[in-house]
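Positions are given from 1 along the sequence. All of these numbers come straight from a predicted model, not from anything done at the bench.
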Amino acid sequence: MFNIKLTPETLIMLPIAFFLDLCGLGLVIFALDDLGILDLIGIFIFFPWFFIRGERLPSLAGTKSGARIKEFLTKLFKNKHLKFLTPLIGEVTPWVGGLGFFWTLSVLFNLEEQ
């Protein structure tokens, strides 16, 4: 599904995103609250990186319904305006941020090769 090269950028950003999402999931499982600290950490790490990477045009996926879903997700996570808004709203929303791996998806879609 994702066509990603193994680059230093990938080796740094993807584990950080996955770790933050796992911490959020752990908090949800144990019914704890971090008062938005994980969200702030993610915002300060990933938003500057998204900004530095700049806008890339979404790639056109394969065929049929899987392609439509991928195209929709690609627009959510790679669109010039939505690539900041999607993880922000997803992560800040109670329970949704802990269960949906928004930082990881955001990094994956922004690392995907064209």
Side-chain angles (χ1 to χ4, degrees):
M1 180 171 176
F2 294 102
N3 187 17
I4 299 172
K5 277 173 126 179
L6 198 59
T7 63
E9 188 177 40
T10 305
L11 294 174
I12 293 169
M13 299 310 276
L14 196 55
I16 293 171
F18 192 67
F19 177 74
L20 286 176
D21 285 332
L22 278 179
C23 288
L25 180 62
L27 289 171
V28 168
I29 289 172
F30 293 109
L32 299 172
D33 191 8
D34 67 344
L35 303 173
I37 293 172
L38 288 177
D39 303 330
L40 287 175
I41 292 170
I43 289 168
F44 284 115
I45 291 173
F46 298 113
F47 279 21
W49 178 68
F50 293 153
F51 184 72
I52 289 168
R53 281 186 64 83
E55 179 186 357
R56 290 187 176 181
L57 296 175
S59 61
L60 297 174
T63 58
K64 309 243 177 168
S65 63
R68 279 187 263 143
I69 292 169
K70 180 165 184 194
E71 186 177 336
F72 172 73
L73 289 173
T74 301
K75 285 179 185 177
L76 272 181
F77 287 102
K78 288 179 81 172
N79 179 283
K80 181 177 163 182
H81 305 291
L82 293 178
K83 74 177 176 181
F84 295 100
L85 218 60
T86 302
L88 177 65
I89 291 172
E91 285 294 334
V92 172
T93 306
W95 297 98
V96 174
L99 297 174
F101 280 55
F102 287 96
W103 292 129
T104 304
L105 287 171
S106 206
V107 168
L108 282 172
F109 275 101
N110 281 284
L111 284 173
E112 186 178 23
E113 287 186 40
Q114 298 301 316

Can [Y] be reached from [X] by stepping across I, L, V, M, F, W or Y side chains whose heavy atoms are under 4.5 Å apart?
{"X": "Met13", "Y": "Leu11", "value": "no"}
{"X": "Phe19", "Y": "Leu40", "value": "no"}
{"X": "Ile37", "Y": "Phe102", "value": "yes"}
{"X": "Ile89", "Y": "Trp103", "value": "yes"}
{"X": "Leu38", "Y": "Phe30", "value": "yes"}

- Task: Please report the shortest heavy-atom distance between Phe50 and Pro87, naming the atom on each side.
- Result: CE1-CG, 4.3 Å
- What's the shortest heavy-atom distance between Glu91 and Gly100, and which atoms? OE2-O, 3.7 Å
In the structure I gave you, are the side-chain heavy atoms of [X] and [Y] within less than 4.5 Å of one another anywhere?
{"X": "Trp49", "Y": "Asn110", "answer": "yes"}
{"X": "Phe77", "Y": "Leu108", "answer": "no"}
{"X": "Asp21", "Y": "Leu25", "answer": "no"}
{"X": "Ile16", "Y": "Phe46", "answer": "yes"}
{"X": "Leu105", "Y": "Leu76", "answer": "no"}

- Could you go step by step and tell me if Ile43 and Phe84 meet the side-chain contact (heavy atoms from CB on, under 4.5 Å) rule? CA-CA 9 Å; Ile43 289 168; Phe84 295 100; over 6 Å; no
- Task: Determine, step by step, whether Leu88 and Phe47 satisfy the side-chain contact (heavy atoms from CB on, under 4.5 Å) criterion, reporting the C-alpha distance in whole Å, the side-chain angles of both residues, the deciding distance to 0.1 Å, and the verdict.
- Result: CA-CA 9 Å; Leu88 177 65; Phe47 279 21; 3.9 Å; yes
- For the pair Phe101 and Leu22, evaluate side-chain contact (heavy atoms from CB on, under 4.5 Å) and give the outcome as yes or no after the intermediate values. CA-CA 8 Å; Phe101 280 55; Leu22 278 179; 4.0 Å; yes
- Task: Would you check, one step at a time, whether the test side-chain contact (heavy atoms from CB on, under 4.5 Å) holds for Asp33 with Leu27?
- Result: CA-CA 6 Å; Asp33 191 8; Leu27 289 171; over 6 Å; no
Atom [atom1] in [X], atom [atom2] in [Y]: separation rounded to 0.5 Å?
{"X": "Glu9", "Y": "Leu111", "atom1": "CD", "atom2": "CG", "answer": "5.5 Å"}
{"X": "Phe109", "Y": "Thr74", "atom1": "CZ", "atom2": "OG1", "answer": "4.5 Å"}
{"X": "Leu14", "Y": "Thr104", "atom1": "CG", "atom2": "OG1", "answer": "6.5 Å"}
{"X": "Leu20", "Y": "Asp34", "atom1": "CG", "atom2": "CG", "answer": "10.0 Å"}

- Backbone N or O of Lys5 within a donor-acceptor pair of the Thr10 side chain at under 3.5 Å?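 The answer is yes, because a donor-acceptor pair under 3.5 Å joins these two groups.
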